[in-house]
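The structure appears right after this line, and notes come after that.
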Amino acid sequence: MKKIALYILLVCVFNRYKAQSVEAQVSSKQVQIGVPFEYAIVIKANATSYTPPNFKDFDVLGGPNQSQSTQYVNGVVSSQLTLSWYLSAKKEGKINIPPAIVMAGNQKFETESITIECLKAASGNTKSEGNASSKVDGADVFIKTTASKAKCILGEQITISQKIYSRHQIVGFQKFEPPRYDGFFVQKQDINNQGQVMQENVDGVKYFTYDLLKTICTANKAGKLAVDATEVDVVVRKQTNAKPKNIWEQFFGGGGYEDVPVKTKSRPMNIEVVDLPNEGKPASYNGAVGNFNFKVEASRTEVKANDAFNLKLIISGTGNLKLVDAPKPQLPESFETYDPKITESGTTKTFDYLIIPRNEGTYTLDDLQFSYFNLDTKKYNTIKQSPINIIVLPPDPNSTGATVYNPANQVKEVKNDIRYIKKGQITLTKESNEFFNSLTHFSLLLGPLFLFLTALVLRIKYVKNNSNLLAVNERKAVKLAKKQLILAEKQLKLNNKDAFYTEILLALNNYLNNKLGIKIAENTRENIKQTLLIKKVDETKIITLLQIIDTCEFAKYAPGTVSGELNKVYGNTIQLITAIEEQLNKKG
């Protein structure tokens, strides 16, 4: 058993190492100067960061563009990330693209360098004199976007192409913004003449053409889906009408040629996607659209319990094969299985299930079917396979370490064997008190959490109470008034009348300001009276308050007109503030 476990571990490590790889690719290794080509990094690893090559000898027209696909094999998620750039060479000759570096955790991957052969652009005396140039309009250079179908069914594949047409020779590109395909699953298709400028006759007019993109798109939602515009800065070579500057230009004719940059943009396109019909949709349907074949293969039909066999479900044909999910066969309860290993080859997709029977007997796999929507007949088709009989023999006596599934009603009690369940009365005794899972253990674990939550609640309550400045001032009104009255009491003991009345007046003004929001600048008799009446304070207390304020102001500005005992003014002020506070709190 130890040898088997070690072998399985080594296989898993090997497969994991083998599954991680990084590769660099180019659409063409022979290009013309100024003509774009695609450079891509294909990452089959859990990449955490990457460093692209130094494209110092190339103009970067677009990128990095990103596409990703995910696959489940035997419970392991594997993903492929593709990063691509559109480049154009600056000079003639063989140019080396250095390696790209990809980090997957602590593991470093490095792609191989790629050598590109850059050919000379088309001949012609290039000039860029402003007075000799002439404009190139949209009729001379344009992008044409075409689709194999303007109306399709959800899940149906269509091909969307972008091609540049120019009445002047295309010599390069300065910028390239590929379109977005929102709502589509995208697969790029190889173009035979990628990187080459061709000629085409359209209605008797000769055009230079260049195939930008050809993309296979599969709609994954219904409705009107938009294909955004493609923007390209095309450099075309046009003959000028400038006069010859010397005898050589006069002898060879004309003023030569000039390279003119032209900004062109394709028109957006809408694709109408019709939803699949609900009528006749089988329960086993999982989104396949096209024309498919289906077959099932079992690696063996006679197997011992705890041994494994493979069940292959093979789907082939044309359509959205990449989006087809794994069919789930209905297996007996005692059959153990895992997520399938998925492989694709051309127009064939195979789902390989590893199945381990745990109990002896004869079993029939009879629900083996695959459903798809046929684009020709516009109907659902279901392909059923013949049932497969699996004979499960008793387990190998040496495989004692394997788990054997046994229903309760089939367990035979053997005196010295492991039994299915203990029957009868069971008496359990507690051997010792353990710290783990005890009340003390949970108290120590949950105590800090409880303290943290309590502190958090108190903090939130404190912030809430102090967020309203008016409410804070209102709560502090009495406290601040008391401090001012303490100062007034000190002046009273010193028999300092002027300072005493000043402190009493400040105490009342500050109280009215903090409690009722009456600012000192607005502290008129009418304003004070109106505000206290709104707060439903007794009118007698309002009159007393105004009398005390008048007394303090007279004492401050006309000391000779004020007579009376200071103790009485002090006591009346304290009683008045206390009475108003009680009434306001009672009303609140």
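Side chains are part of it too, since the values below use all heavy atoms of this structure and drop only hydrogens, waters and symmetry mates. Because the structure is predicted, anything quoted here is derived from the model rather than measured.
In this structure, the side chain of D538 does not engage the main chain of T540 through any donor-acceptor pair within 3.5 Å. When atom types are taken as modelled, the side chain of N286 and the backbone of D325 share a donor-acceptor pair closer than 3.5 angstrom. Here the side chain of E156 pairs a donor or acceptor atom with the backbone of I153 at under 3.5 angstrom. Here the side chain of N572 pairs a donor or acceptor atom with the backbone of K568 at under 3.5 angstrom. Y285 places a side-chain N or O within donor-acceptor distance of the main-chain N or O of A288, the cut-off being under 3.5 Å. No side-chain donor-acceptor contact under 3.5 Å links K151 to the backbone of V274. Looking at N320, its side chain does come within 3.5 Å of a backbone N or O of V289 through a donor-acceptor pair. Judged by distance alone, with hydrogens and angles left aside, the side-chain atoms of T218 form no donor-acceptor pair with the main-chain N or O of G155 at under 3.5 Å. For the pair S266 (side chain) and A229 (backbone), a donor-acceptor distance under 3.5 Å is absent. Side-chain N or O atoms of Q157 include one that pairs as donor or acceptor with a backbone N or O of G319 at under 3.5 Å.
The shortest distance between side-chain heavy atoms of P327 and F351 falls below 4.5 Å. When side chains are defined from C-beta on, F184 does not count as touching N220, because their heavy atoms never get closer than 4.5 Å.
A salt bridge does not link E503 with K490: every distance from a Lys NZ or Arg NE/NH1/NH2 to an Asp or Glu carboxylate oxygen is 4.0 Å or more. A salt bridge between E344 and K322 is present, with a side-chain N of the basic residue lying under 4.0 Å from a carboxylate O of the acidic one.
Taking the six-membered ring for Trp and the full ring otherwise, F55 and Y39 have centroids separated by under 6.0 Å. No close placement of the Y372 and Y380 rings is indicated, their centers lying 6.0 Å or farther apart.
In this structure, Y570 and F500 have tilted ring planes: the angle between them lies in the 30° to 60° band.
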Should K224 and E272 be marked as a salt bridge (Lys or Arg N to Asp or Glu O under 4.0 Å) after you check the CA-CA gap, both sets of side-chain angles, and the distance that decides it? CA-CA 5 Å; K224 276 193 175 182; E272 185 178 354; over 6 Å; no
Stepwise salt bridge (Lys or Arg N to Asp or Glu O under 4.0 Å) check, E231 with K263: CA-CA 8 Å; E231 295 186 20; K263 186 183 290 294; 5.6 Å; no
